[in-house]
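Each remark here refers to the structure printed beneath this line.
Values in this document were obtained by computation on a predicted structure and should not be read as measured data.
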Amino acid sequence: MPLQPSSFAILGAGLMGRLLAVELARQGHQVDIYDAGSPAAENSAATVAAAMLAPLAESAITEPGVVRMGHHALTRWPQLLAGLAEPVFFQQAGTLIVWHRQDAAEAQRLTRLLEATQHTVHELPTMQKLDGQALAQAEPVLAQRFAQGLYLPGEGQLDNRQLLAALVAEMERLSVRAHWHAPRSPDAFVPGAPGQPDWVLDCRGLGAKPDWTALRGVRGEVVRIHAPDVTLQRPTRLVHPRYPIYVAPKQDHVFVVGATEIESDDLSPASVRSTLELLSAVYAIHPGFAEGRILELATQCRPTLPDNLPAIRQPRERVLEINGLYRHGFMIAPAMLDVTLEVLNAGQSELSQRFDLALDLMPAATAGAPSAATAYA
């Protein structure tokens with residue numbers, strides 16, 4: 001039976017808001033999206049992110065439910081990208097983890113954490129331990145620089161800025177009405193009333209803090225480097241007790257380098273110390289970075305809840321708040337999308353149980369409202 005068309009007001013046009021706008025519009029619903037910024041998403045943490053899809057690598061700092069969400073995304077992202085008219089760089093060449101000899105103890109600790117995750121989340125591909133020869137075969141430019149490493153097959157990455165632009169183009173194609181430089185809060189709407197949307201979906205990230213006071217900002221600092229002398233096949237992480245970093249290779253010898261995580265909502269420029277540590281660490285991975293050019297040194301704050309886990313809640317009828325994606329935005333966004341669609345369609349979500357995702361819903365999330373969306377399992 002066809003779903004009854006509904007109307008949606010989506011607040012926040014970052015990654016989550018754009019994904020929801022496109023998927024709902026594809027299903028024939030009327031969608032308006034409101035954002036304080038422009039199509040460039042300059043206020044969104046998604047613009048600065050490295051967009052790595054690394055559930056096992058991230059398991060060192062998060063829970064099994066988030067790891068399962070990340071594994072789900074490795075299947076869902078190709079499906080989501082296939083529906084976009086504009087190309088988006090995407091690859092699944094795995095993640096490489098390396099370390100210097102003096103950091104072997106920290107590497108052993110990390111290895112034990114990842115092995116424990118594999119015992120808990122059985123669907124993950126098996127991590128491989130590499131000696132010097134195997135490491136040189138996997139990533140030739142690192143030969144002679146590292147004696148051993150870990151290879152996490154199946155993990156991937158995409159180009160965050162290409163994706164955000166492609167989603168805007170898709171919204172235009174699907175006649176989503178975008179209201180740029182037009183911030184809104186849920187209080188601006190009376191969903192279900194005449195002339196009002198059937199549903200309000202709040203995806204404002206830190207912009208929702210006045211309504212979701214538990215939100216806090218976790219600051220990150222990222223360097224974009226153009227290094228023509230460096231070729232890496234896959235995201236590479238350097239183990240270090242003080243500043244473990246990641247290097248995510250994009251197209252045309254552009255690399256996104258980051259690591260810093262500061263409990264602060266300060267959006268001022270990057271500190272000298274953080275910049276020196278990031279650049280020193282990336283030079284330690286490959287000396288070719290010394291002749292690279294710094295394209296950008298950016299800071300942004302990730303929207304984070306007290307337990308560092310995402311959540312969906314319903315503060316009142318026909319209003320859903322989706323937030324708390326923390327540093328895992330691109331890795332878990334497809335799972336958050338699919339859970340939200342299930343909630344809109346059925347008032348509950350089986351997927352959320354697989355992901356241990358916190359849902360704080362009214363007794364009947366869809367009471368009195370038309371069936372709104374179909375989720376993808």
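- F330 and L53 make their closest contact through O-CD2, 3.5 Å (heavy atoms, listed as atom of the first residue, atom of the second, distance).
- Here the CD-CD1 distance, from E321 to I312, works out to 11.0 Å after rounding to the nearest 0.5 Å.
- Enclosure of atom CD in E123 by more than 12 non-hydrogen atoms of other residues, nucleotides or ligands within 6.0 angstrom is indicated.
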### Message
Please evaluate residues E170 and R26 with respect to the criterion salt bridge (charged side-chain N to carboxylate O under 4.0 Å, His left out), reporting the C-alpha separation (whole Å), side-chain torsions for both, the decisive distance (0.1 Å), and the verdict.
### Response
CA-CA 10 Å; E170 194 69 11; R26 279 180 180 158; 3.6 Å; yes

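- Side-chain atoms of L74 and P334, non-hydrogen and from C-beta on, never get closer than 4.5 Å to each other.
- In this structure, the side chains of L130 and L96 come closer than 4.5 Å at one or more pairs of heavy atoms.
- Remark: D131 CG is packed, more than 12 non-hydrogen atoms of other residues, nucleotides or ligands lying under 6.0 Å away.
- Nearest heavy atom pair, residue P191 against residue V319, reads CG-CG2, 3.8 Å.
- A donor-acceptor contact closer than 3.5 angstrom links the side chains of D266 and S268.
- Clustering of Ile, Leu, Val, Met, Phe, Trp and Tyr by side-chain heavy atoms under 4.5 Å joins W99 with L56, V67, I97, L110, L114, V121, L124, M127, L150, L152, V239.
- With contacts defined as side-chain heavy-atom distances shorter than 4.5 Å, the pair Y326/D307 does not qualify.
- At least one donor-acceptor pair closer than 3.5 Å links the side chain of Q118 to the backbone N or O of P125.
- Annotation: side chain of Q233 is not in contact with side chain of P249 (no heavy-atom distance under 4.5 Å).
- In terms of modelled atom types and a separation under 3.5 Å, the side chain of Q91 and the main chain of A93 share a donor-acceptor contact.
- Checking side-chain atoms of N323 against main-chain N and O of G205 turns up a donor-acceptor pair under 3.5 Å.
- Minimum heavy-atom separation, H100 to A284: NE2-CB, 3.7 Å.
- Note that CG of L297 and CG of L279 are 7.5 Å apart. Values are rounded to the nearest 0.5 Å.
- Separating the CZ atom in R302 from the CZ atom in R216 is a distance of 11.0 Å, to the nearest 0.5 Å.
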### Task
Would you sort out whether E342 and R354 count as a salt bridge (charged side-chain N to carboxylate O under 4.0 Å, His left out), showing the intermediate values?
CA-CA 13 Å; E342 281 192 345; R354 187 199 308 175; over 6 Å; no

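- In this structure, D35 contributes its side chain and W180 its backbone to no donor-acceptor pair below 3.5 Å.
- The line from CG of L206 to CG of N43 is 11.0 Å long, rounded to the nearest 0.5 Å.
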### Task
Quick one: do N308 and T62 satisfy side-chain contact (heavy atoms from CB on, under 4.5 Å)? Show the steps, please.
CA-CA 8 Å; N308 292 352; T62 193; over 6 Å; no

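- Screening I294, L295, V257, V48 against R224 for a side chain to side chain contact (heavy atoms under 4.5 Å, CB included) leaves a single residue, L295.
- Side-chain contact between R161 and D159: present, with at least one pair of heavy atoms (C-beta onward) separated by less than 4.5 Å.
- No more than 12 heavy-atom neighbours from other residues, nucleotides or ligands sit within 6.0 angstrom of CD on Q144.
- Around atom CD of Q133, no more than 12 heavy atoms belonging to other residues, nucleotides or ligands sit under 6.0 Å away.
- Nearest heavy atom pair, residue S349 against residue V339, reads OG-CG1, 3.6 Å.
- A salt bridge links E115 to K129: one of the charged nitrogens lies within less than 4.0 Å of a carboxylate oxygen.
- Between the side chains of S274 and S271, at least one donor N or O sits under 3.5 Å from an acceptor N or O.
- The main-chain N or O of T95 is never found under 3.5 Å from a side-chain atom of R234 such that the two would form a donor-acceptor pair.
- Taking a 6.0 Å sphere around NE2 of H119, one finds it holds 12 or fewer heavy atoms contributed by other residues, nucleotides or ligands.
- L341 and L81 fall within the same hydrophobic cluster, defined by Ile, Leu, Val, Met, Phe, Trp and Tyr side-chain heavy atoms under 4.5 Å apart, directly or through other members.
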#### Entry: From CA spacing to verdict: side-chain contact (heavy atoms from CB on, under 4.5 Å), V22, M171
CA-CA 6 Å; V22 166; M171 288 193 302; 3.7 Å; yes

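- Between the side chains of D338 and H72, at least one donor N or O lies within less than 3.5 Å of an accepting N or O.
- When hydrophobic clusters are built by joining Ile, Leu, Val, Met, Phe, Trp and Tyr residues whose side-chain heavy atoms come closer than 4.5 Å, directly or via intermediates, L19 is grouped together with F90.
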### Task
Apply side-chain contact (heavy atoms from CB on, under 4.5 Å) to the pair V98 and E139, showing each step before the final yes or no.
CA-CA 11 Å; V98 296; E139 201 67 80; over 6 Å; no

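- Put simply, the side chain of R204 reaches to within 4.5 Å of the side chain of D211, judged on heavy atoms.
- Between Q157 and F89 the shortest side-chain heavy-atom distance falls below 4.5 Å.
- In terms of modelled atom types and a separation under 3.5 Å, the side chain of Q128 and the main chain of Y151 share no donor-acceptor contact.
- With hydrophobic clusters built from ILVMFWY side chains whose heavy atoms lie under 4.5 angstrom apart, L84 shares a cluster with V176.
- Side-chain contact annotation: T75 with Q79, donor-acceptor N/O pair under 3.5 Å absent.
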### Message
Set out, in order, the CA-CA distance, both residues' side-chain angles and the distance that settles side-chain contact (heavy atoms from CB on, under 4.5 Å) for L309 and H328, then state yes or no.
### Response
CA-CA 9 Å; L309 298 174; H328 303 122; over 6 Å; no

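- Put simply, the side chain of S352 never gets that close to the backbone of Q348: no donor and acceptor are under 3.5 Å apart.
- Cluster annotation: Y34 is not connected to L201 through the hydrophobic network of ILVMFWY side chains, with a link wherever side-chain heavy atoms come within less than 4.5 Å.
- When all heavy atoms of M362 and E317 are compared, the pair lying nearest together is SD-N, 3.1 Å.
- Looking at heavy atoms from C-beta onward, P186 lies in side-chain contact with L11 at the 4.5 angstrom threshold.
- Environment of CD in E350: sparse, with no more than 12 heavy atoms of neighbouring residues, nucleotides or ligands closer than 6.0 Å.
- To the nearest 0.5 angstrom, F355 atom CZ is 10.5 Å from M336 atom CE.
- Counting all heavy atoms, side chain and backbone alike, L320 lies closest to Q314 at CD2-CB, 3.9 Å.
- Taken from CE in M52 to CG in N160, the straight-line distance is 11.0 Å, to the nearest 0.5 Å.
- Under a hydrophobic clustering in which Ile, Leu, Val, Met, Phe, Trp and Tyr are joined whenever their side-chain heavy atoms come within less than 4.5 Å, directly or via other members, L20 and F189 fall into different clusters.
- No donor-acceptor pair closer than 3.5 Å links the side chain of H253 to the backbone N or O of T231.
- Of the possible donor and acceptor atoms, none in the side chain of W212 sits under 3.5 Å from a partner among the backbone N and O of L305.
- Between the side chain of Q92 and the backbone N or O of G154, at least one donor-acceptor pair lies under 3.5 Å.
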